[in-house]
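The next block holds one structure in the form of C-alpha cells; read it before the comments.
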Amino acid sequence: MSTIIITGGAGFIGSHVVRRFVQNHPESRIINLDALTYAGNLENLLDVQDAPNYQFERVDIRDASAVEASFAKYQPDAIIHLAAESHVDRSITDPMAFVQTNVLGTMNLLNAARNIWSGQMEGKRFYHISTDEVFGALGAEGYFTEETAYSPNSPYSASKASSDHFVRAYHETYGLPIVISNCSNNYGPNHFPEKLIPLMIHNILEGKSLPVYGDGKYTRDWLYVEDHASAIEAVYLQGQIGETYCIGGWNEWKNIDLVRLLCDLMDSKLGHSQGTSQKLITFVKDRPGHDLRYAIDASRIHQELGWKPAETFETGLAKTIDWYLSNEAWLHSVTSGAYQAYYEKQYASA
Ligand code: NAD
Ligand code: DAU
C-alpha cells in the first residue's frame, strides 16, 4: 500500500482533494497533515473520516521536528502540499505569518522528504500546489502560461513564489522528484467566507452590505473546486517530474459583474424580488497592490494530460449556492468568534 501525505487537507481545496484521493485510491493510505488554523475544519471531511485508508494528524508545518517525526512515522511515497496561509488581505496585515508557513513550512517539508527519500527517489513525488498570483497582474489582454515570468505583488503571492522557487531548486540541486501546478481562483462548497464569493453569499443571507474593492473592475478566472481537485489528481498521476502545469477555468469575470450575478441568483433562491440584494453593493477602499487581472491558458494540462473542467460557471455556482443554503450551521460556526473581529478590522472603513 502506498502512502500519500496531503498537507492542508482540512482547508477548502485540501478537503476536496483528500475526499477525491480517499475515494478514488483505496490502494493508498491518505494521511492528512493539518494544523487546524482558523481556515482548517475537520467538519469538511465528516463523510470520509472513518474510511479505512484515511488518517488525520495534527501537525504544524512550521515545526521542523514535528514534520520530521510524522514523515518517519508514515514513510510517505508522495506528498501533495496544500497547507498555506491563503488570504491576500491577511498577508497585507501580517506578512510574516505567510513567510513562516508558506516559505519556512514548505522548506521543512522539502527537507523531510529529502531526508526520508535519500538515495531512493525512484517512484517518489513531491507535488506542490501553487497559485497563478505568482505571475503578478495581466493587463486587458493575454494569459498566464507555464513560461510566464514570476512577478508577485502581494506578500501572499511573494511567499508562494518563494516556495515555488525552493521546490524547483530542490529538484535541480538534490534531484527531488517534484511537480508544481499554478491554479486560478477556486470557488465551491467549504470556501471560507473571507474570500469574495462565500463572503458575498454570507452577507446577502445576513442582509449586510457587499463590500466591492475599488471600482470592481478587477478580473479573476474562476474554477469550481472539484475541477481543481480532478486536475490535481491528473497532475499527480501523469505529470512529468520537474515540470509545472497551469490550471484555470477559461472563465473570466469582473468582480462587479460576478457580485451582481450572485445577487440575482440569491434573490431567485430566496424568493426575493430581483434587485433586492444588488442594493447592498457598496464600493469600498481598494486593496493595496491589487492585481488587475488574472487569466490562465490551461492548454498544456488539457493537451498533455487530457484534463478539462466538468462544471460550467452556471452549474458550479448553482451547486455552490445550494451548498451554502443547506449548510447554514457550517457557515454560522465558521463566522462566529474570531471571524467577527477579523471582519470588523478588515472592513472598518467600509
Ligand atoms: P485554506 O486557507 O482554505 O486552507 C489552508 C489549510 O492549511 C487549512 O486547513 C489550514 O489549517 C492549513 N494550514 C495553514 N497553516 C498551516 C500550518 N502552519 N501547518 C499545517 N497546516 C496549516 O486554503 P485553500 O484556499 O484551500 O488553498 C490551499 C492551497 O491552494 C494553498 O497552498 C493555496 O496557496 C493554493 N491555491 C488556492 C487557490 C484558491 O483559490 N483558494 C487557488 C490556487 C492555489
Ligand atoms: O488566483 C488564485 C488565488 O485566488 C489564490 O491563490 C488565493 O489563495 C485566493 O484567496 C484567491 O485570491 P484573490 O485575492 O483573487 O481572492 P479573493 O476572494 O480575496 O478576492 C477576489 C477578488 O475580489 C479580488 O479582486 C479582490 C476582490 N474582493 C475580495 C473581497 C474579499 C472584493 O472586491 N471584496 C472583498 O470583500
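Order of appearance sets the numbers: ligands from 1, and atoms from 1 within every ligand.
- Here E226 does not pair with K319 in a salt bridge; the nearest charged N to carboxylate O distance is not below 4.0 Å.
- Closest protein heavy atom to atom 9 (C) of ligand 2: S86 O, 4.0 Å.
- The side-chain heavy atoms of L36 and F56, taken from C-beta on, include a pair separated by under 4.5 Å.
- Counting only heavy atoms from C-beta outward, the side chains of P198 and Y187 never approach each other to under 4.5 Å.
- Below 4.0 Å from some heavy atom of Y347 lie the following atoms of ligand 2, by number and element: 30 (C), 31 (C), 35 (C), 36 (O).
- Ion pair K269/D322 flagged as a salt bridge, since at least one NZ, NE, NH1 or NH2 atom sits closer than 4.0 Å to an Asp/Glu carboxylate oxygen.
- Of the N or O atoms in L196, one or more lie within a sub-3.5 Å distance of an N or O in ligand 2.
- Comparing D132, I129, V134 by heavy-atom distance to atom 1 (O) of ligand 2, the nearest is D132.
- Ligand 2 has no N or O atom lying under 3.5 Å from any N or O atom of Y218, backbone or side chain.
- Residue V212 has at least one heavy-atom neighbour below 4.0 Å for each of these atoms of ligand 2: 33 (O).
- For the atom pair NE2 (H191) and CZ (F12), the distance works out to 4.0 Å, reported to the nearest 0.5 Å.
- In terms of N/O distances under 3.5 Å, ligand 2 is approached by Y213.
- Under a 4.0 Å heavy-atom criterion, Q346 is not in contact with ligand 2.
- The 4.0 Å heavy-atom shell around ligand 1 contains residues G8, A10, G11, F12, I13, D34, A35, L36, T37, A39, G40, V59, D60, I61, R62, L82, A83, A84, S86, T101, I129, S130, T131, Y156, K160, C183, S184, N185, N186, ordered by chain and number.
- Ring geometry for W307 against W250 counts as parallel: the plane angle stays under 30°, on a 0 to 90° scale with 60° as the upper cut.
- Under a 4.0 angstrom heavy-atom cut-off, K160 registers as lying outside contact with ligand 2.
- One finds a salt bridge joining R20 and E233 here, because a Lys/Arg side-chain nitrogen approaches an Asp/Glu carboxylate oxygen to under 4.0 Å.
- Between R19 and D47, at least one side-chain nitrogen of the basic residue sits less than 4.0 Å from a carboxylate oxygen of the acidic one, meeting the salt-bridge criterion.
- When Y156, Y342, Y38 are each tested for a side-chain hydrogen bond (donor to acceptor under 3.5 Å, both in side chains) with H87, only one passes: Y342.
- Of the polar atoms of N185, at least one N or O is found under 3.5 Å from an N or O of ligand 2, judged by distance alone.
- Using a 4.0 Å cut-off to heavy atoms of Y294, the atoms of ligand 2 that qualify are 1 (O), 15 (O).
- Ion pair D89/R287 flagged as a salt bridge, since at least one NZ, NE, NH1 or NH2 atom sits closer than 4.0 Å to an Asp/Glu carboxylate oxygen.
- Protein heavy atom nearest atom 5 (C) of ligand 2, with residue, atom name and distance: Y156 OH, 3.6 Å.
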Side-chain donor-acceptor contacts of residues 165-175 below 3.5 Å, not counting sequence neighbours, with atom names and distances?
{"residue": "Y170", "atom": "OH", "partner": "N111", "partner atom": "OD1", "Å": "2.6"}
{"residue": "H171", "atom": "ND1", "partner": "L176", "partner atom": "O", "Å": "2.8"}
{"residue": "T173", "atom": "OG1", "partner": "A169", "partner atom": "O", "Å": "2.9"}

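- Sorted by first then second residue, the side-chain hydrogen bond (donor to acceptor under 3.5 Å, both in side chains) pairs that include residues 132-142, not counting sequence neighbours, are E133-Y294.
- R287 NH1, 2.6 Å is the protein heavy atom nearest to atom 14 (O) of ligand 2.
- In terms of N/O distances under 3.5 Å, ligand 2 is approached by P211.
- Ranking protein heavy atoms by distance to atom 25 (O) of ligand 2, first place goes to H290 NE2, 2.7 Å.
- Those atoms of ligand 2 that come under 4.0 Å of a heavy atom in K195, given as number and element, are 10 (O), 18 (O).
- Close approach of ligand 2 to N255 is summarised as follows: ligand atoms under 4.0 Å from at least one heavy atom of the residue are 22 (C), 23 (O), 24 (C), 25 (O), 27 (C).
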Enumerate donor-acceptor pairs with a distance under 3.5 Å from any side-chain N or O in residues 234-241 to protein atoms, sequence neighbours excluded.
none

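- Every atom of ligand 2 is numbered from 1 in the order shown, and the set under 4.0 Å from a heavy atom of E194 is 31 (C).
- Residue S184 has no N or O atom closer than 3.5 Å to an N or O atom of ligand 2.
- Proximity of I296 to Y143: side-chain heavy atoms (C-beta onward) are nowhere separated by under 4.5 Å.
- Side-chain contact between L223 and C183: present, with at least one pair of heavy atoms (C-beta onward) separated by less than 4.5 Å.
- By heavy-atom distance, the residue among E133, H87, K254 lying nearest atom 3 (C) of ligand 2 is E133.
- Atom CD in E146 sits 8.5 Å away from atom CD1 in I301 (nearest 0.5 Å).
- Inclusion of D89 in the set of residues having an N or O under 3.5 Å from an N or O of ligand 2 is not warranted.
- Interface atoms of ligand 2 facing T131, defined by a heavy-atom separation under 4.0 Å, are 1 (O), 2 (C), 3 (C), 5 (C), 6 (O).
- Between F283 and I281 the shortest side-chain heavy-atom distance falls below 4.5 Å.
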